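Below: one structure, written as structure tokens.
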Amino acid sequence: MYAQMIKSEATQDDPGLLAAFQARIDDNQKIEPKEWMPEGYRKTLIRQIGQHAHSEIVGQLPEGNWITRAPTLERKAILLAKVQDEAGHGLYLYCAAETLGVTRDELFEMLHSGRMKYSSIFNYPTLTWADMGAVGWLVDGAAIMNQVPLQRTSYGPYARAMVRICKEESFHQRQGYDIMMKMCKGTDAQKMMAQDALNRLWYPSLMMFGPSDKESVHSEQSMSWKIKMNTNDELRQKFVDQTVPQAEYLGLTVPDENLTWNDEKGGYDFSEPDWDEFYQVLKGNGPCNTERLNTRKQAWDDGAWVREGMLAHAAKKRMTKVAAQ
Amino acid sequence: MSSPTPSAYPDTPQPDREPRRTGEWPLWEVFIRGQHGLSHRHVGSLHAPDAEMAIKNARDVYTRRNEGVSIWVIEAERVTASSPGDKEALYDPSNSKVYRHPTFFDIPDEIGHM
């Protein structure tokens, strides 16, 4: 999802402590920052929350791309508010990660150097205004699928960040669907634009849930620690079942010839995304990887003088205050 | 250049502080009063160069949808917290004092509400 392919760390702690820790998790107790936790739990969480935070921050870029070109002032204000929310979500998550003993600057450094990843979905371009609709509808829709269960995750600060995020996320999905409805009721050209956005973003959205359970080697430990609440395939199925009727309402066609309702399982059968493409995007070979990372790094470098200036100003104010006493 | 440490209590010793990493803004804990009449509640944390900016950032990060009518911020390193290891010593003694709860006492029904 926003956190894909999170490698679980092996843990070499005292078996007695580990058993007591697992018992607390099984009892649905929350783990808080200063309490004892296995080293593997801590490291896996830093990686997962960090990747989640980076996804929120980099996720601003494909949408920020359209703020100045929104079709009306109202759409512009809405999109601006949505992108601002994404920044906020990133900040909640960075703070949760920092309680595990990593600093904000270290997290940024790992993002900028490529040692930590963000979700593959943000390496795809947003070519038309309809993409703003499809991103809100599909990408935020997929994010909600994953984030709602994470409100019950075992790590307290992560769970609390998720509660805040989920409260705001449904605005994101609805504003996206609203754009899609408008375009689908518009001219033929506008409807075609909406169909084109769905065609391009459908499979990348399915990839957001990560590889198939058969390939997903890191799930078991994370699930017993309750930092992963559902398997990738469970969430992907749920997403397809929820989204197909929404596409039908819009009069759009999901770009999958094999999509059929399966009465027996009570869900749709559907085609898997191209996993080779997924691994290529993760490796840095997606359509926008270089552009996204460079934009992010440039924003960080261009802001350096502001960060330094404000620290200097704060130090100067402190000195003046002390001198006046 | 060493900057002096501000303190509300100038004559008391300062807690040991780890030297801050150069260039990283300090961490602030944010407390918000949700509505008039409620107490401030911890909502999260953020980085800011000073208290004034911490309040401004808290406004943007934690009150985008009318979540608050008042904000407190405090530098995270100034918070003193109890240790999880002291849990028993701190809280166990009250377990045996059930008489502190009103339900400990049986009051006859005919007395009515008490």
Side-chain angles (χ1 to χ4, degrees), chain A residues 24 29 31-37 80-82 84-99 103-109 156-158 160-161 163-165 167-168 171 300 303-325, chain B residues 1-11 14 18-30 32 34 41-68 73 75-77 79-88 90:
Chain A
R24 290 192 58 198
Q29 290 184 30
I31 309 301
E32 295 296 340
K34 286 187 171 177
E35 295 169 347
W36 185 86
M37 61 185 81
L80 203 53
K82 196 224 175 218
Q84 193 191 10
D85 273 355
E86 305 297 0
H89 295 179
L91 295 179
Y92 307 153
L93 287 161
Y94 282 129
C95 286
E98 283 172 81
T99 63
T103 69
R104 181 76 58 97
D105 283 4
E106 282 165 347
L107 288 165
F108 282 156
E109 192 282 318
Y158 192 26
R160 291 190 285 273
V163 170
R164 297 190 66 84
I165 289 175
K167 270 190 200 161
E168 300 177 345
F171 145 58
W300 178 248
W305 70 273
V306 179
R307 294 192 298 274
E308 285 161 22
M310 293 189 73
L311 265 185
H313 179 67
K316 187 175 150 193
K317 265 201 315 193
R318 256 199 322 269
M319 299 277 273
T320 322
K321 203 173 155 192
V322 171
Q325 276 169 1
Chain B
M1 184 184 77
S2 68
S3 54
T5 337
S7 171
Y9 307 97
D11 297 325
Q14 290 297 306
E18 284 187 22
R20 190 172 293 146
R21 292 167 155 266
T22 44
E24 189 157 349
W25 288 353
L27 189 68
W28 299 76
E29 297 299 333
V30 180
I32 305 243
R41 219 177 134 179
H42 183 244
V43 293
S45 45
L46 49 76
H47 289 268
D50 58 23
E52 194 187 332
M53 281 308 298
I55 295 264
K56 285 185 175 151
N57 289 353
R59 196 278 309 262
D60 287 343
V61 179
Y62 292 105
T63 66
R64 288 195 300 282
R65 289 175 176 79
N66 293 319
E67 289 98 333
V73 293
E75 222 176 319
E77 63 182 18
V79 173
T80 308
S82 66
S83 144
D86 293 342
K87 213 165 83 185
E88 281 107 38
L90 288 174

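Please read all numbers here as calculations on a predicted model, not as lab measurements. Chain identifiers are assigned alphabetically (A, B, ...) following the order of the sequence lines, protein sequences preceding nucleic acid strands; residue numbering begins at 1 within each chain.
Residue B:R64 qualifies as enclosed at atom CZ: its count of foreign heavy atoms under 6.0 Å is above 12. The environment of B:N66 atom CG is sparse: at most 12 non-hydrogen atoms of other residues, nucleotides or ligands sit within 6.0 angstrom.
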Exercise. Applying side chain to side chain contact (heavy atoms under 4.5 Å, CB included), run through B:L46 and B:Y62 and close with a yes or a no.
Key: CA-CA 10 Å; B:L46 49 76; B:Y62 292 105; 4.1 Å; yes
Quiz item: How far apart are the C-alpha atoms of B:N57 and A:L91, what are their side-chain angles, what is the distance that settles it, and do they pass the side chain to side chain contact (heavy atoms under 4.5 Å, CB included) test?
Solution: CA-CA 11 Å; B:N57 289 353; A:L91 295 179; over 6 Å; no
Quiz prompt | Derivation of the side chain to side chain contact (heavy atoms under 4.5 Å, CB included) call for A:E109 and A:W300 | solution = CA-CA 10 Å; A:E109 192 282 318; A:W300 178 248; over 6 Å; no
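When heavy atoms are compared at a cutoff of 4.5 Å, A:F171 approaches chain B solely by way of its side chain, counted from C-beta outward. Looking at A:E98, only its side chain comes within 4.5 Å of chain B, counting heavy atoms on both sides. For a residue to count as touching a neighbouring chain, one of its non-hydrogen atoms must lie under 4.5 Å from one of that chain's; by this rule A:K317 touches chain B with the side chain only. At a 4.5 Å heavy-atom cutoff, the contact between B:P84 and chain A is made by side-chain atoms alone.
Of the listed residues (A:K34, A:R104, A:E308), the one with the most heavy-atom contacts under 4.5 Å to chain B is A:R104. Between chain B and the residues A:R164, A:R160, A:E35, the largest count of heavy-atom pairs under 4.5 Å involves A:R164.
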